[in-house]
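Written below as structure tokens is the structure these notes are about.
What you are looking at is a predicted structure, and each value in this text was computed from that prediction instead of being measured.
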Amino acid sequence: MVIKTDLCHYTEYRIYPGHGQKSVAKDGKVSFFISAKADSLFHQRIKPVKLRWTQAWRRMNKKGKTDENTKKRTRKAQKFQKAIVGMSLDDLKKKKAMKPELRQAKETAAKEAKARAVTKKPAAGKAAAPKVKAQQPAKAPKGGGAAAPQKFKGKK
């Protein structure tokens with residue numbers, strides 16, 4: 001047998017048949033309270049969130065097992081490939097599709113070519129006349145010309 005129960009407007013407790021009291025406001029809104037205490041607190045405009053024994057307070061302070069079953073699902077970040085500076089997306093895909101041995105062989109060939117280019121540059125640089133920096137005279141202190149002896153005030 002199913003028993004029809006209502007919820008208290010203030011405490012949110014179940015009200016069984018034959019219990020509680022109804023209150024009708026001037027605007028026609030019907031409130032159903034479990035006890036005179038809940039009715040009195042509602043009419044004093046005391047917020048149910050401020051009272052520890054109300055369901056509103058328990059919900060606000062995360063007490064009880066109401067939200068234990070619903071855990072937040074974390075979404076996995078989707079992998080997304082972007083082009084990088086110096087390589088387009090097509091180049092990256094081709095490089096990934098290549099077999100590792102071929103890729104390694106290409107990389108070593110590129111390193112050797114780079115090393116050859118580096119060794120050629122210093123040889124060409126030595127043939128040119130080396131630049132000699134002219135020595136600059138020592139800078140004078142700030143505040144004008146040469147450093148004058150300071151005047152001494154007082155006993156020597």
Side-chain angles (χ1 to χ4, degrees), residues 1-122 125 131 133 136 138-145 147 150-154:
M1 183 169 118
V2 179
I3 300 171
K4 186 184 182 295
T5 58
D6 292 317
L7 282 179
C8 175
H9 186 77
Y10 190 76
T11 62
E12 298 174 34
Y13 289 160
R14 275 200 198 131
I15 304 172
Y16 290 92
H19 295 270
Q21 58 189 136
K22 279 188 182 175
S23 178
V24 182
K26 286 181 183 176
D27 61 354
K29 189 175 178 183
V30 178
S31 300
F32 202 30
F33 300 106
I34 194 163
S35 63
K37 177 182 178 181
D39 184 16
S40 173
L41 289 166
F42 175 77
H43 285 97
Q44 290 174 51
R45 296 175 185 236
I46 293 172
K47 294 178 183 175
V49 176
K50 304 253 179 179
L51 301 171
R52 288 189 71 167
W53 54 273
T54 60
Q55 290 299 316
W57 184 90
R58 291 182 66 78
R59 193 180 321 110
M60 190 78 160
N61 291 283
K62 296 180 181 160
K63 307 293 178 189
K65 298 178 182 180
T66 52
D67 295 333
E68 222 173 272
N69 297 340
T70 56
K71 287 186 178 179
K72 284 186 180 179
R73 276 197 239 158
T74 54
R75 293 178 68 185
K76 285 185 180 178
Q78 291 181 334
K79 289 186 178 180
F80 185 74
Q81 214 171 23
K82 290 185 192 175
I84 56 172
V85 179
M87 266 194 158
S88 68
L89 191 59
D90 296 331
D91 295 340
L92 280 172
K93 285 182 180 176
K94 284 178 188 174
K95 198 167 192 176
K96 216 172 198 181
M98 269 200 284
K99 288 184 179 176
E101 297 86 27
L102 291 172
R103 195 181 322 151
Q104 200 171 16
K106 259 192 176 182
E107 284 176 2
T108 53
K111 282 182 185 176
E112 286 173 12
K114 201 173 191 180
R116 271 189 248 122
V118 170
T119 53
K120 283 182 184 177
K121 279 189 180 178
K131 293 181 182 178
K133 288 187 179 178
Q136 295 178 350
K139 289 187 178 179
K142 289 185 180 177
Q150 292 183 349
K151 292 181 181 176
F152 184 79
K153 291 184 181 178

Original post:
Can you list the residues that meet the side chain to side chain donor-acceptor pair (under 3.5 Å) rule with Ser31, with sequence neighbours excluded?
Top reply: none
Subject >> Thr54 side chain to Leu51 backbone, donor-acceptor under 3.5 Å >> reply: yes
Original post:
Which heavy atom in Ala56 sits nearest to a heavy atom in Glu12, and how many Å separate them?
Top reply: CB-OE2, 4.1 Å
Subject >> Verdict with reasoning, His9 to Ser23, per side-chain contact (heavy atoms from CB on, under 4.5 Å) >> reply: CA-CA 10 Å; His9 186 77; Ser23 178; over 6 Å; no
Original post:
Within the side chain of Asp27, is there an N or O that forms a donor-acceptor pair under 3.5 Å with the backbone of Lys29?
Top reply: yes
**OP:** Please name the pair of heavy atoms, one in Arg52 and one in Arg58, separated by the smallest distance, quoted to 0.1 Å.
**Re:** O-CG, 4.3 Å
Original post:
With a 4.5 Å heavy-atom cut-off, do Tyr13 and His19 have their side chains touching?
Top reply: no
**OP:** May I ask you to check whether over 12 heavy atoms, not counting those of Met60, lie within 6.0 Å of atom CE?
**Re:** no
Subject >> Within 6.0 angstrom of Glu107 CD, more than 12 heavy atoms from elsewhere >> reply: yes
Original post:
Can you name the nearest heavy-atom pair linking Val49 to Trp57, along with the distance?
Top reply: O-CD1, 2.8 Å
**OP:** Specify the closest pair of heavy atoms between Ile46 and Tyr10, including all atoms of both residues, with the distance to one decimal.
**Re:** O-OH, 2.7 Å
Subject >> Closest non-hydrogen atom pair between Phe32 and Gln21, with its separation >> reply: CD1-O, 3.5 Å
**OP:** With side-chain contact (heavy atoms from CB on, under 4.5 Å) as the test, would you mind laying out the steps for Trp53 and Thr11 before giving the verdict?
**Re:** CA-CA 8 Å; Trp53 54 273; Thr11 62; 3.1 Å; yes
**OP:** Quick one: list whatever passes side chain to side chain donor-acceptor pair (under 3.5 Å) with Lys79, sequence neighbours left out.
**Re:** none
**OP:** List the atom of Pro17, the atom of Ile3, and the distance in Å for their closest heavy-atom pair.
**Re:** CD-CG2, 3.6 Å
